2 protein chains.
Amino acid sequence: MSASGSPTRRPRRGSGAVTLHDVAKLAGVAPITASRALSKPSQVSADVLRKVTEAVNRTGYVRNVLAGGLASARSRLVAAVVPTISGPVFLQTVQALTDALAEHGYQLMLGQSGYVDSREDALLDAIIGRRPDGIVLTGIMHSAEGRKRLMAAGIPVVETWDLTPTPLDMLVGFSHGDVGRAVVEFLRRKGRKSLSIVAGDDERSVRRLKAFQEAAAAAGLPVTVVYVPAPTTLKSGRSALRQLLEQRPDIDAVFCSSDLLALGVMTEAQVGGVRVPEQLAVVGFGDLEFSADLHPALTTVRIDGTAIGRQAAQFIVDRAEGREIVESVVDVGFSIVERESA
Amino acid sequence: MSASGSPTRRPRRGSGAVTLHDVAKLAGVAPITASRALSKPSQVSADVLRKVTEAVNRTGYVRNVLAGGLASARSRLVAAVVPTISGPVFLQTVQALTDALAEHGYQLMLGQSGYVDSREDALLDAIIGRRPDGIVLTGIMHSAEGRKRLMAAGIPVVETWDLTPTPLDMLVGFSHGDVGRAVVEFLRRKGRKSLSIVAGDDERSVRRLKAFQEAAAAAGLPVTVVYVPAPTTLKSGRSALRQLLEQRPDIDAVFCSSDLLALGVMTEAQVGGVRVPEQLAVVGFGDLEFSADLHPALTTVRIDGTAIGRQAAQFIVDRAEGREIVESVVDVGFSIVERESA
DNA sequence: GTGAAAGCGCTAACAC
DNA sequence: GTGTTAGCGCTTTCAC
C-alpha cells in the first residue's frame, strides 16, 4: 500500500497521517471534491457528501489546517498578547476570546510579554511568523518598532483594555482617566476627605492614578500615593496600607488598582483594627469573581472583560471573513459597583 | 516588480508578504541556502550569513513558520487543554508552559474544555487538525474515543495534574489519593475529631475526597461532606460552610478542594463568629499566590504548578527534537504548608 | 456539480 | 558549503 502505484520516486517524509487524498480515493472522487464536501457541503451532491463522510469516518481523517492555511493564506489562528495571565484581570478576556474564537473555528495562541516592552517585541516576531489572522494586544502597542512590524505584516490588530486617539487598527477599551475621575467623584459624594491610592506601576494603573490625583486636587482633596510593582498581589496590598497609614494616618478612603490589592488592604485593615468602611472606604478595580462575596463586599470598578474578549474576537473574525467593519473603536465603558466596603 | 520575469502564468493569490525567495534573491543565493543561514547558521559560510542577514534586515522578512512546518512535519505548536483557565489552579501551569515553550521557539495554543468530556472531544479535533508537536492535557484523558484519536494521531501527549497506572503517553502529576490521606493524618495529629470536606464535583477533587473519607473512617473519625460545582468559588465556599454547620455543628476541621473555597469558608466563619483555627481548622488546596498572606494565613496543600508546566514542556520539546525519554512518568508530589488556619 | 492543474512558502533529500 | 529537485497537504483558478 505505497505511494500510489507510481514508479519509484525519491523518498519523502510526511507525517504518515491520513490525507485528503486517501479520503478522496476511498470515496471515489477527486481530492478537491472531497475538500468541498468538507468545507462547503452545500456545493456538492448528496451522494458525494455521503460517500465522503463515510470515508472520513472510516479513516479517522482530520483535516490538516496548517496545509489549508498555507494554501488559502488564512491560518485561522489568532494570537493574544497579555502581560501575564496570572494577573487575574485579563483572565476573563482571554477566556471569552478563546471561547468566542473556538465557536468560529479559530484557535487562540497565547503569548506573555511580561510587563516589559522589549519582550513584547521579541514575541511579535514569533507571532508574525505564524501568520495569524489577527492579533489581540492587551493595552496599546507603544514601541515604534513594534507598531512598524505590525503594520508591515498587514495582520488585523485589536488593541484592548485601553483607549487611544491613535489606534493601530481596531480598539476595544475604556478610558482609564475617566475611571480615576469617577472614583474621586464617588468618594467625594460619600463624604470622604483624605483620599489615597495604591497603584501598580504599569502604565494603565498610572493613568488612572494621574486622573485621580488631578480630580482630587480640583476638588481640594489631598491624595496619598503608594506604588506597588505589577502584577499586583494581596501581599503588596497589605504592605501598601501599612505605608499609607504611616505616611498619613487620617486617610479615610483608598482606591486600589486591582481587587486583589483591595483584598490585601482590607485584610491588613482587619488585622490592624481599622474598620471598613466606617474608618476607611476601600474601592477596588476589576470586579473579580470573588469580590462580591468578600466581607465586607468590595465596592469596585467593574470592567466587562468578557465583552472585551468577545468584541475583539468578533472584530477579527469579521475582518478575516472579509466583512466590512463600520466602527472599529468600541468603548465598553465601566461602572462603579457599590457594595459594602465604600 | 511582478512574479519573477517569467512568462504569464495563471494568476495566484498569496499573502503578499516577503518570502524566503525574495531574501535569497536579494542576497544572491539559493533559497535553501538562505533557509540554512537562518536555521543552521553554522552550516553556511560567514559571507553568506552576512549577506542573508542583511537582506533579512532590509526586507523585514519574518519566516513563515506554517509553511516550514508543513515541509518539515514539525509545527512547533503545542496545544494545552485545561478545563478553564479561570480556575486559578492551572494558571501557574499554563504560564510556566507558555514561557518554557517560548524559550525553545514553540508556541502554546490554548483550549478550554469546560468540565465536560464531550467538549473535550470536540476540542481534540480542532487541535489535531493543527498537527501540534505535542498536547498537554490537564488531567487524564478518559473518553475512549478521545484516547483512540490521540493515539491514532501519533502526537506526543502529556497528561498532567494526576497519576494513573495507564498513562496514554507521558505523565506529570501527583496522587490525589495521597493528598486526601495526608490531610486526614495532618488533622488527626492536630487533634481534630470531627472532620468535614468541601469538594468540587470534578473528578480529581472527588478522588481526594474518597481517600479522605476512607482514611478518616480507618481512624474512626466522622466526615461531613458538601459538594460544590466546579469551578469552585469563594461564594460556594461560604454557602458550603453554612451547610456544613447546619448538618453537623460540632465540626472542628474542614478540608477545601481549592484555596478559593477555603477563603470562602474563612470569610463565612468570620461573619458567623466561628474562630479559625481555634474552633475550626481550615485547609485549602493549591497554595495560590495570595494564600500565605490571608488572615489567618491559610494552611494548604501546595502543588508546584510551575514545575508541572516546565516538565511538560521539557517532555514535549525532548520528544520533538528526537531525544529519547528515559522516564516518562514524573511524580511532582505535594506538601502540606502549615500556616495559621490549621 | 465536478475535476485538472498549479502553487501557497518552505525544507528534506540528494547531488556536486 | 551550496544548489537542484521534489513535494509537505491543501485550496485556488479555470474549464467543463
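Computed from a prediction, not measured in an experiment: that's the story for all the values here. As a basis for the values below, the full set of heavy atoms in this structure was taken, side chains included, without hydrogen atoms, waters or symmetry mates.
- Residues of residues 28-40 of chain A having a heavy atom closer than 4.0 Å to DNA chain D, listed by number: A:Ile32, A:Ser35, A:Lys40.
- Here D:dC8 presents its P atom at 14 Å from CZ of B:Arg131, a figure rounded to the nearest Å.
- Atom NZ of A:Lys25 and atom C1' of D:dG9 are 14 Å apart (whole Å).
- Listed here is the closest heavy atom pair of A:Ser75 and A:Val65: O-CG1, 4.3 Å.
- As a whole-Å value, the separation of B:Ile128 CD1 from D:dG9 C1' is 17 Å.
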Requested in this report: Would you please test B:Leu101 and B:Leu97 for side-chain contact (heavy atoms from CB on, under 4.5 Å) and show each step?
Outcome: CA-CA 6 Å; B:Leu101 288 172; B:Leu97 205 51; 4.1 Å; yes
Query raised in the report: Are A:Gln95 and B:Thr84 close enough, and set up right, to give a side-chain hydrogen bond (donor to acceptor under 3.5 Å, both in side chains), and what steps lead you there?
Result: CA-CA 8 Å; A:Gln95 180 163 21; B:Thr84 162; 3.2 Å; yes
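- Looking at B:Asp47 and B:Arg50, a side-chain N of the basic residue comes within less than 4.0 Å of a carboxylate O on the acidic one, giving a salt bridge.
- Between B:Arg76 and B:Gln107, the closest side-chain pair of non-hydrogen atoms is not below 4.5 Å.
- A straight line from CZ of B:Arg76 to C1' of C:dT11 spans 12 Å, rounded to a whole angstrom.
- Two residues are said to be in side-chain contact when any heavy atoms from C-beta on lie closer than 4.5 Å; B:Val157 and B:Val136 fail this criterion.
- When the P atom of C:dT11 is taken as reference, atom CG of A:Leu70 falls 12 Å away, rounded to whole Å.
- Atom pair B:Gln43:CD and C:dT11:C1' shows a separation of 12 Å (rounding to whole Å applied).
- Remark: P of D:dC8 and CG of A:Leu20 are 13 Å apart, rounded to the nearest angstrom.
- For the pair B:Val52 and B:Val56, the minimum side-chain heavy-atom distance is below 4.5 Å.
- Set against C:dT11, C:dC8, D:dT2, the side chain of B:Ser72 has C:dT11 as its closest nucleotide.
- Contacts of residues 56-66 of chain B with DNA chain D (heavy atom under 4.0 Å): none.
- Rounded to an integer number of Å, the gap from CZ of B:Arg74 to P of C:dT11 is 11 Å.
- Side-chain atoms of A:Ser35 do not come within 3.5 Å of backbone N or O of A:Pro31 as any donor-acceptor pair.
- For the pairing with B:Gln112, the side-chain contact (heavy atoms from CB on, under 4.5 Å) check across B:Val82, B:Thr138, B:Val81 returns one residue only, B:Val82.
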